[in-house]
Q: 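So that we are looking at the same thing, I have put the structure below in structure tokens.
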Amino acid sequence: MESIAVNHKPIVHVDYTDNSPLLTKRQTWRSLLRSKWYRFDRLTRGLFCLMFLMLGCALIARIFIEIEYPFGGKPDSQVTIPPRQDSDNHVAQTDKERRKAVRAAMKHAWQGYRQYAFGKDELQPVTNTSNNKWGGWGVTLIDALDTLHLMELHEEFKEGVHHVANLDFTKAKAGYTTPFFEMIIRSLGGLLSAYEMSLDVRLLHKAREIGDALMPAFDTPTGIPYPRVDVNKGKAVPASRVCIAEAGTVQLEYWKLSELTGNPVYHETAQKVVDLLDNAEKPYKGLYPIWVDINSGKLTSGSITFGGMGDSWYEYMIKQYIYSRREYDQYRRMYEESIDSMKELMVRRSIYDPEMYYVGDLDATATKFSPRYQHLTCFVPGMLALGSKVLDRPDDLELAKQLTYTCFQMYNRTATGLSPEYIQFRNKRDQGLSESTENGMFALLSLRKASEKEKEDGFYLGPNRSYILRPEALESIMIMYRITGDKMYKEWGWQIFQAIEKWTKTPSANSAYHDVTSTAGSSQWTDSMESFFLAETLKYLYLLFSPAEYYSLDEYVFNTEAHPFKIMRHARP
Ligand code: DMJ
């Protein structure tokens, strides 16, 4: 065995003639420590360093979880505006009353936007300022139009249409490049659906203007779109990759545009993307890693997820099948392949609450499982329920019920009744998949002992505990109610609506909430209201309390931004 080398370093000679006693003391200590430290060989010193580093990390992780984000909420900081009283909303018991309450919420948010941000992209609902981070065409206004119409807010709708009619979608502020997917799902989708509701032809003209302005996105070696377009130059911004949700969630909108204008080019161009990805090599049947190489058309890397960046790619398989009157069998096949593999590899349940099923994420090779459930993934139960009806897959409806339960508990089991961006589960070694290390720090955290709270809830929370007014859980709740007729879903939706009213309502509109485990109220407002709150969240709530024939799922298919499109009359011209 190698002997421990002593005194590798020269001994530091301390000058005791120095007048400064403090300096002398420090130097003595230093030299003593140094001489001790260098008694160890290099390997041992290295191991010590590694140990200290790991201890440091563990400590930080611990502090992070226990102090900065204690489960169950930070101690309340100063509340400047008291939260609304529960009694404000408990009175509404009938569907009619609840619909009225949701309509009032829409009116409130719209009025704040109208007063402080009309024509701007977003209202900042705490400071009552605005931003133009989506190109400055007023994305909130465009996204909200069909909700206004559907809630019979006709004066507001008219005013909105008048504004849109005067916009020019071929011009943006200098240097701004438009995110292709977002503009398609929010603005093109919004205008097409508002046109179908009102038959105001100005809306169709503007829809076509957007559609044309963004078509250069497809000018790539493979036809797979670039993610951004410079409408001022009439060109896309070259890029090497795009995520699958961005490339594969524009087809429904372009198809509707073809149907309404009689020009097949929109649909044909967008359809080529699906054909290419359908034929691309995949790590597992029906599962697509999120990154697509635009130049080769290959699925390159990234996770496999039904959450952010993957989600609506899968959603549009079944929706296009429905939209095409079930005539495009390609979409049925793709959907069934994806859902079968998702069920095989990506669905698990909580160790502590066996009722709680969730869809986790996989790595690009489909061999490592990441046990978290994103709020974004909560659209899945609604999708499964639709698919179960259309394709007669009764098992999918059972899974949809279990997943909706988890989505509801994401709200129900926090102090505010709002849901965080995602929840985490403890890994269980099964299904032949190894544990994912993708979550880095969180893999480490999941090694700690489960708290009583986690055992009760069935899940634990990551660092992002914000609720940004997202719609997915309510989307599924609405669809589940319509498909099963189970009134429990209405109660769940109503409970979530009350939490939204209580914690996110500002004097002018609604704000995203920083930490759903904190009951601090207004100090948690982040001064942001994304357009999907008006386009989706409030619309799905309103439909939940409306008769099932109102925008019936037999006649309409909703785009991923909740814009209802009439199912086409004839699938093939
Ligand atoms: C919406 O813009 C769309 O639903 C999109 O597909 C992903 N999610 C956001 C809202 O959460």
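Both counts, for ligands and for their atoms, begin at 1 and track the order of listing.
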Q: How long is the span from the SG atom in C378 to the OH atom in Y358, to the nearest 0.5 Å?
A: 13.5 Å
Q: Check this for me: does any side-chain nitrogen of one of E491 and R98 sit under 4.0 Å from a carboxylate oxygen of the other?
A: yes
Q: Could I get the full list of salt bridge (Lys or Arg N to Asp or Glu O under 4.0 Å) partners for D527, not counting sequence neighbours?
A: none
Q: May I have the N/O to N/O pairs between ligand 1 and the protein that fall below 3.5 Å, each with atom names and distance to one decimal?
A:
{"residue": "ligand 1", "atom": "2 (O)", "partner": "E561", "partner atom": "OE1", "Å": "2.6"}
{"residue": "ligand 1", "atom": "4 (O)", "partner": "E536", "partner atom": "OE2", "Å": "3.1"}
{"residue": "ligand 1", "atom": "4 (O)", "partner": "T560", "partner atom": "O", "Å": "2.7"}
{"residue": "ligand 1", "atom": "6 (O)", "partner": "T560", "partner atom": "OG1", "Å": "2.7"}
{"residue": "ligand 1", "atom": "8 (N)", "partner": "E472", "partner atom": "OE2", "Å": "3.1"}
{"residue": "ligand 1", "atom": "11 (O)", "partner": "R470", "partner atom": "NH1", "Å": "2.7"}
{"residue": "ligand 1", "atom": "11 (O)", "partner": "E472", "partner atom": "OE2", "Å": "2.6"}

Q: The criterion is ring pair (Phe, Tyr, Trp, His ring centres under 6.0 Å); which residues satisfy it with Y254, sequence neighbours excluded?
A: F218, Y266
Q: Restricting to ring pair (Phe, Tyr, Trp, His ring centres under 6.0 Å), what partner residues turn up for H149, sequence neighbours left out?
A: H154, F157
Q: Assess whether a salt bridge exists between D168 and K171, defined as any Lys/Arg side-chain N lying under 4.0 Å from an Asp/Glu carboxylate O.
A: yes
